[in-house]
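In what follows, a single structure is set out as structure tokens and then discussed.
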Amino acid sequence: MVYNPNKIEKRWQRIWEKSGIYQASDKVKGKNNFYNLVMFPYPSGDLHIGHWYNFAPADVYARFKKMRGLNVMSPIGFDAFGLPAENAAIKRHIHPKTWTYKNIARMRSQLKSMGNSYDWSREIITCDPEYYKWTQWMFLQFYKNSLAHRAKVPANWCPSCKTVLANEQVVDGKCERCDSQVIQKEIEQWLFKISDYAEALLEDLDNLDWPSATKLMQKNWIGKSEGWEIKFKIKNYKLEIPVFTTRADTLFGCTYLVVAPEHPIIINNKSRITNYKFVEQYINESKKKTERERISEIEEKTGVELKGIKAINPVNGREIPIFAANYVLMHYGAGAIMAVPAHDQRDFEFAKKYNLPIKMVICPNYPKTICPILDRAFENEGFLVDSGKFTGMPSNTARERVGEWLQKDEVAEKKVYYRLKDWLISRQRYWGAPIPMIFCEKCSWQPVREKDLPVLLPNIKDYLPTGEGKSPLAKSKKFMNVVCPKCKGPAQRETDTMDTFICSSWYFLRYADPCNEKKFASAQKLQTWLPVNMYIGGAEHSVMHLLYARFFVKALKKMGQLNFSEPFLSLRHQGIILGPDGQKMSKSRGNVVDPDEQVKKYGADAVRIYLCFMGPYNQGGPWNPNGLVGISRFLNKVWQLCRSQPSTSSRKADFYKLERLLHQTIKKVTDDIDNLRFNTAISALMILVNELHNQSENTSRSIKTLLLLLAPFAPHLAEELWLKIGEKKSIHGQKWPVYDSKLVEEEKIQFIIQINGKVRDKIETAADISEAEAKTLVLASEKIKPWLQGKEIKKTIFVQGKLINLVI
RNA sequence: GGGCGAGUGGUGGAAUGGCAGACACGAUGGAUUCAAAAUCCAUUGAGCGCAAGCUCAUGAGAGUUCGACUCUCUCCUCGCCCACCA
């Protein structure tokens with residue numbers, strides 16, 4: 001009988017679903033529970049090979065953990081709100097909801113064809129009212145705990161479409177749809193105070209079992225910088241400009257100040273700035289640019305002097321000019337800097353352009369005072385020169401001393417700034433969870449009462465954004481006009497919806513208790529499953545999603561809703577699968593691999609194993625169209641092995657050799673899956689199969705072990721053969737085989753003899769040979785004799801069980 | 001500009017201080033077949049040699065070491081992330 005994957009796979013998928021063998025029990029207590037999570041997909045239409053690469057090996061891991069005796073939960077769901085649904089709706093005239101649910105239905109059946117051990121009874125869809133009710137509830141908790149607030153925030157604004165644009169809708173500073181110049185417009189929006197948690201988010205990174213690169217990315221994103229805030233007085237006025245610096249040691253070299261174009265010192269002193277008209281013009285120019293552009297423009301720095309006002313350098317009383325320039329950002333630090341052109345490259349470039357004095361105050365050669373001639377800023381450490389009483393001090397010490405000295409006069413203050421900005425969560429979009437807030441003229445903003453949740457997303461027909469920068473929901477009077485929860489007077493709903501990252505910031509909590517109508521999840525079930533033991537997904541979520549989810553958990557813990565402070569104990573990223581041409585897969589390149597086609601041709605088991613086998617899991621790589629052939633052969637061999645007795649081979653089974661290989665394979669596969677090294681686990685299984693294939697006698701025990709080891713990788717084939725060899729119960733409920741560490745060790749080894757580090761002979765010896773014995777063998781070797789002829793052995797290195805190296 | 005990661009046969013990769021190229025793909029030759037597919041066997045880094053064997057070889061160059069794909073430094077190339085963060 002021939003191995004026909006398509007026949008057996010569908011059948012087993014049906015049987016497993018009916019029997020519910022992958023449903024995780026909530027009742028198991030203690031440490032035996034294992035929460036294995038993959039990043040839930042966005043229902044974009046089709047399951048692509050990237051999804052497979054994330055989900056299939058993750059399922060191997062889950063199945064392995066289950067066979068190791070753990071009570072494993074592997075849930076799946078859909079991250080269903082988002083902009084692409086709206087775009088598809090506009091393009092194809094389908095309602096976002098219709099489009100989304102149609103995609104979900106399709107992807108669900110594709111997911112099932114993978115043969116993963118998902119507990120489908122826990123499926124969640126974030127655009128279901130039963131789910132977003134709790135997303136809205138989350139918002140209310142954040143609001144009640146002062147973690148949600150309103151502020152004017154610049155948004156991408158297309159003046160021609162009169163609409164707010166998402167970052168990805170801005171192409172080259174122009175509107176994606178009408179090609180007109182996008183400007184920055186300030187709009188009042190809701191923000192989450194993630195910055196309150198900057199320090200906690202940074203500190204707790206240390207304890208996580210995450211890829212170090214991911215931790216580092218989060219660290220840089222949070223961007224803690226410690227320094228001093230220094231107040232510069234304005235000459236003749238009772239005004240001051242605080243600046244933030246991490247290099248207080250360079251203060252004596254400060255030759256001018258720079259403020260951001262939006263800095264209040266400008267607007268508040270229109271009459272004092274003698275060239276205000278000119279300054280205003282510059283500010284308007286810079287407003288046209290998005291911050292992203294302002295930053296990414298590598299073009300020259302520009303600026304304008306604020307004439308009529310001068311600042312005073314507190315360390316030496318010198319008068320210095322003040323500039324407004326595009327290279328200083330309002331939202332970071334104090335929105336103003338002290339410019340030290342000799343020791344900061346940006347200031348250096350600016351000073352060169354506007355012919356400002358460059359004063360060297362850090363010199364690497366002290367006490368020789370020959371300072372290098374600068375063709376760029378000297379940003380390294382050195383010794384202070386020309387710096388009053390600090391002259392001669394190492395710059396890293398002076399950094400604190402100068403600050404402390406000024407602190408006595410309350411001119412300086414120690415400060416910590418974070419790059420992390422508050423999280424803007426308002427979206428002027430239709431396809432998202434409505435923000436549960438109501439605005440009343442009398443009572444201002446009022447939260448929707450919890451018992452009135454969910455605020456249902458109305459089924460409106462026109463989901464194009466409005467002309468005033470409001471969400472399409474503003475068009476529905478029925479939705480908007482409500483009574484104020486406080487005074488019962490007429491009021492209006494918030495019409496913005498929430499950023500979809502909010503939906504995905506807590507979904508892993510809901511899986512623990514997906515049908516609960518009274519709470520987002522019961523304390524007891526959270527206790528059972530959370531935090532997540534293993535989280536597997538793409539590295540593209542290194543900052544946004546993974547940081548937001550951490551923030552949510554920390555905030556919820558503080559509110560008393562959770563009793564743990566990190567959501568994901570272990571995290572791993574899969575690599576990216578490239579097209580056969582080594583390029584990123586894309587429809588326009590025509591190098592997209594359709595997993596459905598591959599499954600049809602080779603079966604889901606083969607595709608799963610190919611993905612495991614192609615290389616290190618976190619590395620990804622190009623799809624090799626021929627690679628599946630080898631896997632297919634391998635699975636066929638397994639099939640033949642179990643279905644018929646080989647008669648062609650003449651080799652007799654060497655019992656001990658086979659036994660040893662079997663135990664070595666168990667060890668290798670066990671260790672490898674545990675460390676997500678799927679590729680080498682498969683190679684070990686191939687070696688075992690090749691060996692069994694060459695034997696004329698198979699012990700049924702080695703076949704059983706092989707099938708057990710193969711079960712996580714090829715669940716359908718293993719299940720089929722398991723029952724065919726006479727077993728009664730599903731292989732996926734069986735215990736993982738154990739190895740005997742004595743049997744793993746080789747009795748005899750290839751002992752290496754090196755002369756000067758080069759291999760000159762190999763001899764078969766006992767594994768525990770001593771140095772003296774080894775030496776005797778070496779001297780007896782015919783191959784070695786000529787090498788030692790007339791030479792003196794200067795040194796001998798002996799490595800137990802491995803080699804001996806003679807240095808001559 | 002900064003950070004991180006990678007670079008090994010014709011290809012994907014294995015080996016993380018101790019036999020470089022496991023396992024697989026592809027290729028070549030053979031067996032089987034009327035023929036093909038499938039399957040099986042053999043060979044397969046380069047060079048020299050009839051052979052035993054020797055030499056070279058893990059992006060380039062240096063260093064540490066008895067011994068380096070592996071550790072350190074410099075440089076080159078590619079990929080990803082961040083990017084005027086004071």
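Quick note on labels: first sequence line is chain A, next is B, and so on, each numbered from 1. Hydrogens, waters and symmetry mates are skipped; everything else that's a heavy atom, side chains included, is used.
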Look at the side chain of [X] and decide which nucleotide, out of [options], has an atom nearest to it.
X	options	value
A:Val799	B:rG18, B:rA86, B:rC81	B:rG18
A:Gln750	B:rA14, B:rA86, B:rC19	B:rC19
A:Ile337	B:rA86, B:rA14, B:rG26	B:rA86
A:Ile752	B:rA86, B:rC19, B:rC23	B:rC19
A:Asn626	B:rC4, B:rC85, B:rG26	B:rG26
A:Arg760	B:rG18, B:rC82, B:rC54	B:rC54
A:Phe613	B:rA14, B:rA24, B:rC81	B:rA24
A:Val807	B:rC66, B:rC19, B:rA86	B:rC66
A:Asn805	B:rC19, B:rA22, B:rG18	B:rG18

Is A:Lys795 side chain donor-acceptor paired with the B:rC66 base, going by distance under 3.5 Å alone?
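For A:Lys795, whose side chain was compared with the base of B:rC66, there is no donor-acceptor pair (under 3.5 Å).
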hbond_proxy A:Gln754 side chain to B:rG18 base (donor-acceptor, 3.5 Å cutoff):
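Answer is yes: a donor-acceptor pair is held.
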What form does the base of B:rG9 take, syn (within 90° of 0) or anti?
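Here B:rG9 takes the syn form, which means its glycosidic angle is within 90° of 0.
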Cut-off 3.5 Å, side chains only: do A:Asn591 and A:Lys584 have a donor facing an acceptor?
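The answer is no; no qualifying pair exists.
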Taking the [atom1] atom of each, how far is [N] from [M], in whole Å?
N	M	atom1	answer
B:rU70	B:rA14	P	16 Å
B:rG59	B:rG79	C1'	15 Å
B:rC85	B:rC75	P	23 Å
B:rU32	B:rU39	C1'	9 Å
B:rC25	B:rA42	P	14 Å
B:rU8	B:rA46	C1'	14 Å

Is the [X]-[Y] ring centre distance short of 6.0 angstrom?
X	Y	answer
A:Phe244	A:Trp228	no
A:Phe613	A:Phe678	no
A:Phe350	A:Phe323	yes
A:Tyr617	A:Tyr53	yes

Please enumerate all residues that pass salt bridge (Lys or Arg N to Asp or Glu O under 4.0 Å) together with A:Lys667, with sequence neighbours excluded.
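With neighbours one apart ignored, the set is A:Asp671.
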Tell me whether the side-chain N/O atoms of A:Arg419 come closer than 4.0 Å to OP1 or OP2 in B:rC82.
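So the side chain of A:Arg419 is outside the cut-off, no N or O lying under 4.0 Å from OP1 or OP2 of B:rC82.
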Base, sugar-phosphate, or nothing for A:Asp344, non-hydrogen atoms under 4.0 angstrom?
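Nothing: the residue A:Asp344, judged by heavy atoms under 4.0 Å, touches no strand.
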Assign A:Pro622 to base, sugar-phosphate, or nothing according to its heavy-atom contacts below 4.0 angstrom with the strands shown.
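It contacts nothing in the nucleic acid.
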Bracket string, RNA chain B, 5' to 3' - pairs by Watson-Crick or G-U geometry under 3.5 Å, | interstrand
(((((((..(((.....[....)))((((((.......))))))((((....))))..(((((..]....))))))))))))....
